[in-house]
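Here the structure comes first, spelled out in structure tokens, and everything after it is commentary.
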Amino acid sequence: MRSPRLGWQALKWNYLGNFMRSLSQFVIGILLARLLGPEPFGIIAIAWMMLGIGNLFADLGFGAALVQRERLSNLDLRFIFTCQMAFASLLTVSTLAAAPAIAAYFHKPDGAPVIQAMSLLFVFQCLGETSAAVLRRSLNFKALQQVAIVSYLAGYLCAGLPLAWYGAGVWSLVVAQLLQSLLNSVLLIRLTAVPLAPCLRRDAHDMLSFGLKVTAANLSSWGISNLDVFCIGRAFGVVNLGLYNRALNLMNAPMSVITAGFQGVLFAACSRAQSDRQQVKRIYLETNAGVAMLCLPLFATAAVVPDTLIQAVYGKAWQSSVPLVTPLALAVMVNALLAIKGPILMAGNRVGLELKNQLITLLLFVPALFLAVQVSLQAVAWAVFGTYVVRWLLLAIDTLRVTGATLAEYVRTFRDPVLVGVLVAAVAASTDAVLASLAPLARLVAVAAACGLALAGLLRLLGGRFLKQNLATLVAVERLSSPLRRFLNV
């Protein structure tokens, strides 16, 4: 079993890397949004939607199978790499042929070359998938994050921003993404020296079974996460899709920092400890409490100051996306809580439960989305929020059964986060209303400062109790600095 120190180091590096990468994406995304406007992001959103579903098939769940598997050989690695590359090549060829029809469906025929160019990402990304899984399995998230940051900055600083500045439009996004993905894979291969010789073996039924279940679960999850994009692009056009995409990405950026930091570590660590149910239960409840404390104040605040947030970050050209922020902020908050459950179920080889709940949610989402599209873009955003709540409830029930946690124990993890979230959001709304005459950026800075002070005060009052009752296993209080312990009253 991995040592707690190794798991803590992996978590630390994963959070640090995700924070740096998300901060880079946030800043560069704002610059690109101001340089390009909504339409290029709408076209790219269409391409990413198609690539997203393709990547699910290209991986075939083998990346997760590689991490979850107790023993691994070079033959396993060669087999996984061969299957991933074969499917990736097939998907690239298929997308090249289907691109004109896809673009026509969204009433954007000139978007076909963009989709065709982006189809190369199937091959570029799959080149490094096996190597990335090997690093995740060994909890070497330091190397993973270093490669991700270097490749992202190389793609977008060296290509994306300069091309956007010189008027390349949507192609600045295409070139940046292709360069990033190719460099990321090349660096991962060099780090791990994974054997790349082709191998098609016949005795991999266990990996195939697990991988296909993961693929099916991911496919249904993709449907829930992207069906709104599919319908918006068709019903409201690429400009409105761009508005929706940027508003959603603005919310997803901090969520990614929080959830992506622990997801990979949580899956790898619970896979190694899957025979110890009590340990998995403690990890689940404490992770849920920590994520709730981080997410509820943040997204509740975003939900109550949508106008200030959009105008300060993107400018007046994006004013039409303001009504979308509140429902999307709440939806992303729920999605962050959902992100804990998948790794727990996968680590215990209970992917079938996740798949069942995803399919139920998807069946409910389709009619809700169909009705919402008839009303407005804002109605679609609220339908997304409602769907995420249903999905969270269904998965919470099964995850409690798998881990052996009681409903009372689960609800208790939300007590302090809900209180802090409500109070911080109230401070944000009050400050925003009082300072309505200020310029948006100044108002946002003032709101952030007021919320920071309120959060500091609440942590002073509640932090020590919260640490002892909800994070005793994950956080070693004695290793915290003396000033922090005094501040938290521990």
Side-chain angles (χ1 to χ4, degrees), residues 15 18-19 22-23 25-26 29-30 224-225 228 243-263 287-314 318 321-341 378 380-393 395-396 413-433 443-456 458-459 462 466 470:
Y15 263 114
N18 274 292
F19 173 76
S22 295
L23 179 62
Q25 291 172 342
F26 181 73
I30 291 173
I224 296 169
S225 300
D228 51 343
L243 293 168
Y244 183 88
N245 175 263
R246 284 291 92 189
L248 182 58
N249 282 356
L250 184 61
M251 298 299 105
N252 274 333
M255 192 271 284
S256 296
V257 174
I258 296 168
T259 60
F262 70 77
Q263 271 187 314
T287 305
N288 189 81
V291 171
M293 182 59 85
L294 289 170
C295 289
L296 267 60
L298 178 63
F299 293 109
T301 297
V304 299
V305 292
D307 186 75
T308 298
L309 186 60
I310 289 295
Q311 288 202 49
V313 174
Y314 288 145
W318 295 81
S321 64
V322 168
L324 307 176
V325 171
T326 298
L328 291 179
L330 297 175
V332 169
M333 179 178 69
V334 175
N335 201 28
L337 298 173
L338 275 166
I340 304 167
K341 306 182 190 317
Q378 186 178 9
V380 173
W382 281 110
V384 169
F385 168 61
T387 300
Y388 280 15
V389 170
V390 171
R391 183 183 177 192
W392 168 58
L393 291 173
L395 281 171
T413 64
F414 288 101
R415 183 180 60 189
D416 288 342
V418 168
L419 175 62
V420 172
V422 169
L423 292 177
V424 171
V427 169
S430 301
T431 305
D432 191 54
R443 195 160 68 245
L444 182 61
V445 170
V447 168
C451 289
L453 290 173
L455 185 59
L458 289 167
L459 290 178
L462 306 173
F466 182 76
N470 296 287

Exercise for review: State whether the side chain of T308 and the backbone N or O of V305 hold a donor-acceptor pair below 3.5 Å, judged by distance alone.
Suggested key: no

Review point. Quick one: OG1 on T287 to CG on L337, what's the gap to the nearest 0.5 Å?
Key: 12.0 Å

**Study point:** Reported CG-to-CG distance for the pair N249 and L328, which is rounded to 0.5 angstrom
**Key:** 10.0 Å

Check your understanding: Taking side chain as C-beta onward, heavy atoms only, is L395 less than 4.5 Å from L338?
Key -> yes

**Study point:** Considering all heavy atoms, the nearest A303-L330 contact
**Key:** CB-CD2, 4.2 Å

Check your understanding: Would you say the side chain of M251 lies within less than 4.5 Å of the side chain of L324, judging by non-hydrogen atoms?
Key -> no

Practice item. For the residue pair V332 and Y388, establish whether any side-chain heavy-atom pair is separated by less than 4.5 Å. Key: no

**Study point:** Point-to-point distance, once rounded to the nearest 0.5 Å, from CG of D307 to OG1 of T326
**Key:** 10.5 Å

Revision key, fill the gap. Here the gap from R246 atom CZ to N252 atom CG, rounded to the nearest 0.5 Å, amounts to 10.0 Å

Practice item. List for me each residue that meets ring-ring contact (aromatic ring centres under 6.0 Å, His included) alongside F466, sequence neighbours excluded, and say none if there are none. Key: none

Point to revise | Gap separating the OH atom of Y314 from the CG atom of L243, nearest 0.5 angstrom | key: 10.5 Å

**Study point:** Gap between atom CG of N335 and atom CZ of F385 - 0.5 Å precision
**Key:** 12.0 Å

Review point. Taking C-beta and beyond as the side chain, do W318 and L250 meet within less than 4.5 Å on heavy atoms?
Key: no

